[in-house]
Amino acid sequence: QGQPVESGGGFVQAGDSLRLSCTASRRTFNNNFMGWFRQAPGKEREFVAVISRSGSTTSYSDSVRGRFTISRDQAKNTVYLQMNSLKPEDTAVYYCAAANRVGLPTRTYDYDYWGQGTQVTVSS
């Protein structure tokens, strides 16, 4: 079905905002939950956010809830991660992934397709 492709990472100051984008093939996008994960140096990959196929249901990790917003544009086969009030601890490689599951997937092994990742660096 093809791998998702992320974009939008960069270097920002603490308190700034950044929006990540992830584009997938129409088949991958329409058939799957779409999620965002991140991995900081020396740490395991961790769940950030997920959105259902219709976009009606979302879930966030405690560390980003209230600051990050996940959304999807069905016409563009694209999922977004709007990141506000960024903190240095948000520094990581951010990955987009697709999961074909019944329940809301929040674990790495739930996901079948992964992008290559995009670096987000937040300076204090």
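Numbers here are sequence positions counted from 1.
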Worksheet item: Do Asp90 and Val120 touch side chain to side chain, with heavy atoms closer than 4.5 Å?
Response: no
Worksheet entry | Gap between atom CG of Asp16 and atom OG of Ser123 - 0.5 Å precision | 9.5 Å
Worksheet item: To the nearest 0.5 Å, how far apart are OG in Ser52 and CZ in Phe33?
Response: 6.0 Å
Practice prompt. For Ser17 and Asn84, work out which heavy atoms get closest and say how close.
Written response: OG-OD1, 2.9 Å
Worksheet item: Should Val48 and Tyr80 be regarded as members of a common hydrophobic cluster, given that ILVMFWY residues are connected when their side-chain heavy atoms come within less than 4.5 Å of each other, either directly or indirectly?
Response: no
Worksheet item: Side chains of Phe68 and Leu86: closer than 4.5 Å at any heavy-atom pair?
Response: yes
Practice prompt. To the nearest 0.5 angstrom, please state how far the CD atom of Gln119 sits from the CD atom of Gln39.
Written response: 11.0 Å
Fill in: Main-chain N/O of Arg67 paired with Tyr60 side-chain donor or acceptor, under 3.5 Å
no
Discussion item. So does Trp114 get a backbone contact from the side chain of Gln3, meaning a donor-acceptor N/O pair under 3.5 Å?
Written reply: yes
Discussion item. Check whether Phe37 forms a cation-pi arrangement with Arg45 (NZ or CZ under 6.0 Å from the six-membered ring centre, at most 45° off the ring normal).
Written reply: no
Practice prompt. Considering non-hydrogen atoms only, spot the tightest contact between Ala49 and Leu81 and give its length.
Written response: CB-CD1, 4.2 Å
Discussion item. Quick one about Thr23 and Asn77 (side-chain donor to acceptor, distance below 3.5 Å, no hydrogens or angles considered), yes or no?
Written reply: no
Fill in: Residue pairs fulfilling disulfide (SG to SG under 2.5 Å) with at least one residue in residues 35-72, sequence neighbours excluded
none
Discussion item. Can a donor-acceptor pair be found, under 3.5 Å and without considering hydrogens, that links the side chain of Asp73 to the backbone of Ala75?
Written reply: yes
Worksheet item: Rounded to the nearest 0.5 Å, what separation is found between the CD atom of Gln82 and the CG atom of Leu20?
Response: 9.0 Å
Worksheet item: Has Glu44 got more than 12 heavy atoms of other residues, nucleotides or ligands less than 6.0 Å from its CD?
Response: no
Worksheet, complete the sentence: Scanning both residues in full, the closest heavy-atom pair of Ala92 with Ala40 reads CB-N, 3.8 Å
Item to complete: Report the distance from atom CD of Glu46 to atom OH of Tyr95, rounding to the nearest 0.5 Å.
Response: 12.5 Å
Worksheet entry | Within 6.0 Å of CD in Glu89, more than 12 heavy atoms from elsewhere | yes
Discussion item. If you define the side chain from C-beta out and look only at heavy atoms, does anything of Arg101 sit under 4.5 Å from Asp112?
Written reply: yes
Item to complete: For the pair Thr91 (side chain) and Val122 (backbone), establish whether a donor and an acceptor sit closer than 3.5 Å, ignoring hydrogens and angles.
Response: yes
Worksheet item: Transitively linked via ILVMFWY side-chain contacts under 4.5 Å: Met83 with Phe47?
Response: no
Worksheet entry | Under 3.5 Å donor-acceptor, Ser56 side chain and Ser54 backbone | no
Item to complete: Taking all heavy atoms of Ala97 and all of Pro4, pick out the closest pair and write down the distance.
Response: CA-CG, 4.5 Å
Worksheet item: Closest heavy-atom contact between Leu104 and Ser59?
Response: CD2-CB, 3.4 Å
Worksheet item: So do Arg53 and Asn100 actually touch side chain to side chain, heavy atoms under 4.5 Å?
Response: yes
Discussion item. On the six-membered ring of Phe29, is Arg72 placed so that its NZ or CZ lies under 6.0 angstrom from the centre and within 45° of the ring axis?
Written reply: yes
Worksheet item: About how many Å separate OG of Ser61 and CZ of Arg38, when rounded to the nearest 0.5 Å?
Response: 6.0 Å
Fill in: For Tyr111, the option from Thr106, Asn32, Val50 that meets side chain to side chain contact (heavy atoms under 4.5 Å, CB included)
Val50
Worksheet item: Out of curiosity, does Val12 fall in the hydrophobic cluster containing Tyr94 (side-chain heavy atoms, cut-off under 4.5 Å, transitive links)?
Response: yes
Discussion item. Keeping Glu6 on the side-chain end and Gly117 on the backbone end, is there a donor-acceptor pair under 3.5 Å?
Written reply: yes
